[in-house]
2 protein chains.
Amino acid sequence: MDGRPGLRERKKQRTHAAISEAAVTLFLEHGFNQVSVAQVAEAAEVSKRTLFAYFPAKEDLVVHRLADHETESARVVRARPHRTAPLTALREHFLKGLRERDPITGLNDHPQILKLARMILDTPSLVARMQRFKAGAERALAQALRETADTPELTARLAAVQIVAVQWSLAQDNTERVTYGEPADERYPGAVADAEHAFALLENGLRHPPQRP
Amino acid sequence: MDGRPGLRERKKQRTHAAISEAAVTLFLEHGFNQVSVAQVAEAAEVSKRTLFAYFPAKEDLVVHRLADHETESARVVRARPHRTAPLTALREHFLKGLRERDPITGLNDHPQILKLARMILDTPSLVARMQRFKAGAERALAQALRETADTPELTARLAAVQIVAVQWSLAQDNTERVTYGEPADERYPGAVADAEHAFALLENGLRHPPQRP
DNA sequence: GGGATTTCTGCACCTGGTATACATATAGAC
DNA sequence: GTCTATATGTATACCAGGTGCAGAAATCCC
């Protein structure tokens with residue numbers, strides 16, 4: 001019944017944060033592959049062994065921040081208003097992400113986030129680690145579709161992989177443009193149009209694609 | 001104009017094959033993570049350094065065999081008969097793969113292939129390496145759609161990621177079932193039905209999914 | 001055969017990640 | 001406050017994947 005999680009717990013959280021922060025700072029300054037985990041451990045004033053007790057692999061020092069997003073689509077589908085189609089809820093949620101410049105949509109150009117995004121996209125092992133989240137997102141979304149929309153097994157899995165792939169593609173495109181120098185505010189209208197086009201494609205199929213390029 | 005590629009070239013090909021064969025043999029017998037590259041090099045009677053001259057990473061000892069499939073969908077789209085929709089050509093090609101028990105469809109239950117497939121799916125680093133082929137397949141297919149069907153940039157990319165994701169999902173499902181013990185011939189009708197359902201979903205969209213589960 | 005050029009090798013080395021054995025700090029009972 | 005069980009951190013040594021380098025060996029071409 002205590003509001004505070006105890007000293008031990010708090011210390012763990014601080015250590016976790018300290019390691020993560022030291023890592024990102026060093027990576028942003030010198031590059032992911034140019035910094036060894038030993039250097040990160042030293043900067044965080046922690047032994048290498050302890051670092052690996054908090055993060056299972058070097059890549060997780062960077063991508064653990066994205067772990068929350070793994071189940072985001074599934075949560076949106078579960079929490080959708082009554083009588084609303086899953087795809088509608090997902091589209092509205094994605095558009096809201098664009099409006100709010102949620103980094104997950106790729107439409108955030110704060111220098112720190114931008115540099116981090118570029119680093120991830122330029123580092124194959126980090127991209128590979130991100131794919132795991134994608135796979136997790138597919139599984140979670142498929143389950144949500146099955147449980148809340150009575151979607152049959154196969155259809156749920158297929159719909160999930162399509163939806164996740166499309167969202168990922170949209171985000172990656174935005175990230176690519178923004179890290180290439182296009183301001184987020186300038187990209188915004190195009191990003192909205194692209195997202196609407198993409199969700200229309202998902203809804204209506206590839207046979208009769210909408211006019212818009 | 002010479003039919004023969006010279007002794008040097010032939011030797012290289014033989015070395016390449018010898019390393020690959022030794023690797024797969026050892027991996028199938030003891031497991032991917034249980035065999036070190038040094039052991040593979042020794043079995044192939046080659047130095048470790050030479051092994052890495054032929055294969056950039058341990059994982060490539062296994063997955064290099066799938067490199068050809070990276071551009072398969074793109075090739076199918078490019079080589080489709082006149083007046084045929086890309087999706088139609090891809091469906092026919094996938095169904096042909098199922099009929100012929102092409103391992104890429106997951107519907108081949110020869111013991112060797114089956115064991116290899118299970119090993120890949122059970123080894124995260126191998127799965128990660130496969131994702132790169134997936135990404136390559138997406139890029140190649142998007143380009144083929146742009147060039148041969150005048151599909152606009154964005155639509156081509158989105159269609160490509162959807163199509164590749166769906167094919168991948170179908171193949172993975174078949175592999176999962178077959179490696180779990182279901183004979184390929186027994187799975188075949190279901191695999192065909194699933195593929196047809198999946199392509200129908202791609203064509204008609206997620207709004208009005210076909211009846212079939 | 002002989003020299004230029006590739007290819008192969010052995011060796012040292014770096015880095016990510018783990019096992020082991022030991023030290024230290026915290027929690028909770030008294 | 002003290003004591004003890006337990007969770008957490010550390011030092012060290014180690015393994016495996018991967019690379020750089022210098023020189024040996026094979027191939028090519030004349």
Side-chain angles (χ1 to χ4, degrees), chain A residues 1-20 22-24 26-27 30-64 119-120 123-129 132, chain B residues 1-20 22-24 26-27 30-64 119-120 123-129 132:
Chain A
M1 293 294 142
D2 59 343
R4 288 237 293 287
L7 176 56
R8 209 165 240 174
E9 206 54 37
R10 274 178 289 151
K11 249 194 162 174
K12 265 174 84 166
Q13 287 177 11
R14 263 190 292 131
T15 306
H16 183 96
I19 296 173
S20 171
V24 171
L26 284 174
F27 291 155
H30 304 107
F32 183 76
N33 289 317
Q34 277 60 55
V35 179
S36 72
V37 292
Q39 287 174 279
V40 174
E42 193 179 7
E45 294 180 297
V46 155
S47 80
K48 198 177 79 167
R49 201 69 183 69
T50 298
L51 185 152
F52 280 112
Y54 281 87
F55 298 91
K58 186 185 183 184
E59 288 76 21
D60 292 299
L61 291 167
V62 177
V63 304
H64 76 99
M119 185 183 79
I120 293 174
T123 308
S125 65
L126 287 174
V127 173
R129 206 69 165 195
R132 281 222 228 156
Chain B
M1 284 288 153
D2 62 342
R4 288 237 292 287
L7 175 56
R8 207 166 239 168
E9 205 55 36
R10 273 178 289 149
K11 252 197 160 172
K12 266 174 84 168
Q13 286 178 12
R14 262 190 292 133
T15 305
H16 183 96
I19 296 173
S20 171
V24 170
L26 284 174
F27 290 155
H30 304 107
F32 183 76
N33 289 318
Q34 277 59 55
V35 178
S36 72
V37 291
Q39 287 174 277
V40 174
E42 193 178 5
E45 293 180 297
V46 155
S47 79
K48 197 177 80 168
R49 204 67 186 74
T50 298
L51 185 152
F52 281 112
Y54 281 87
F55 299 91
K58 187 185 183 184
E59 287 76 21
D60 292 299
L61 291 167
V62 177
V63 304
H64 76 98
M119 185 182 81
I120 292 173
T123 309
S125 64
L126 287 174
V127 174
R129 207 69 165 195
R132 280 221 229 156

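In what follows, chains carry the letters A, B, and so on, assigned in the order in which the sequence lines appear, proteins first and then strands, with residues in each chain numbered from 1.
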Distance, rounded to the nearest Å, where A:E9 contributes CD and D:dT6 contributes C1': 15 Å

Taking atom types as they are modelled, would you say the side chain of B:K48 forms a donor-acceptor pair with the base of C:dG10 within the 3.5 Å cutoff? no

Check: A:R49 side chain, D:dA13 base, donor-acceptor under 3.5 Å: no

Is there a side-chain contact between B:V62 and B:R129, using heavy atoms and a 4.5 Å cut-off? no

Once you round it to whole Å, what is the distance between P of C:dT15 and CD of A:Q34? 11 Å

With a 4.0 Å cut-off on heavy atoms, is B:S36 in touch with a base, just the backbone sugar-phosphate, or nothing at all? sugar-phosphate

A:Q13 (side chain) donor-acceptor with A:R10 (main chain) under 3.5 angstrom: no

A:F32 atom CZ is separated from C:dG16 atom P, nearest whole Å, by 8 Å

Check the distance between C:dG16's C1' and A:F27's CZ and give it to me in whole angstrom. 11 Å

B:Y54 side-chain N/O to C:dT7 phosphate OP1/OP2 under 4.0 Å: no

Base, sugar-phosphate or nothing for B:A53? Non-hydrogen atoms, less than 4.0 Å. nothing

Minimum-distance nucleotide (side-chain atoms of A:T50 versus D:dT8, D:dT10, C:dG17): D:dT10

Between atom CD in A:Q39 and atom P in C:dT15, what is the gap in whole Å? 8 Å

Nearest-Å distance for atom pair CZ/P, residues B:F52 and C:dT15: 17 Å

In whole angstrom, what separates B:R10's CZ from C:dT7's P? 15 Å

Rounded to whole Å, the NE2-P distance (B:H16 to C:dT6) equals 21 Å

Side chain proximity check, B:L61 to B:F27, heavy atoms < 4.5 angstrom: yes

Just checking B:Q39: does its CD atom have more than 12 heavy atoms from other residues, nucleotides or ligands closer to it than 6.0 angstrom? yes

Does OP1 or OP2 of D:dA16 have a side-chain N or O of B:K58 closer than 4.0 Å? no

Hey, does A:H16 have a side-chain heavy atom less than 4.5 Å from the side chain of A:H64? yes

The answer to which of B:V35 and A:S47 contacts DNA chain D further toward the 5' end, by nearest nucleotide, is A:S47

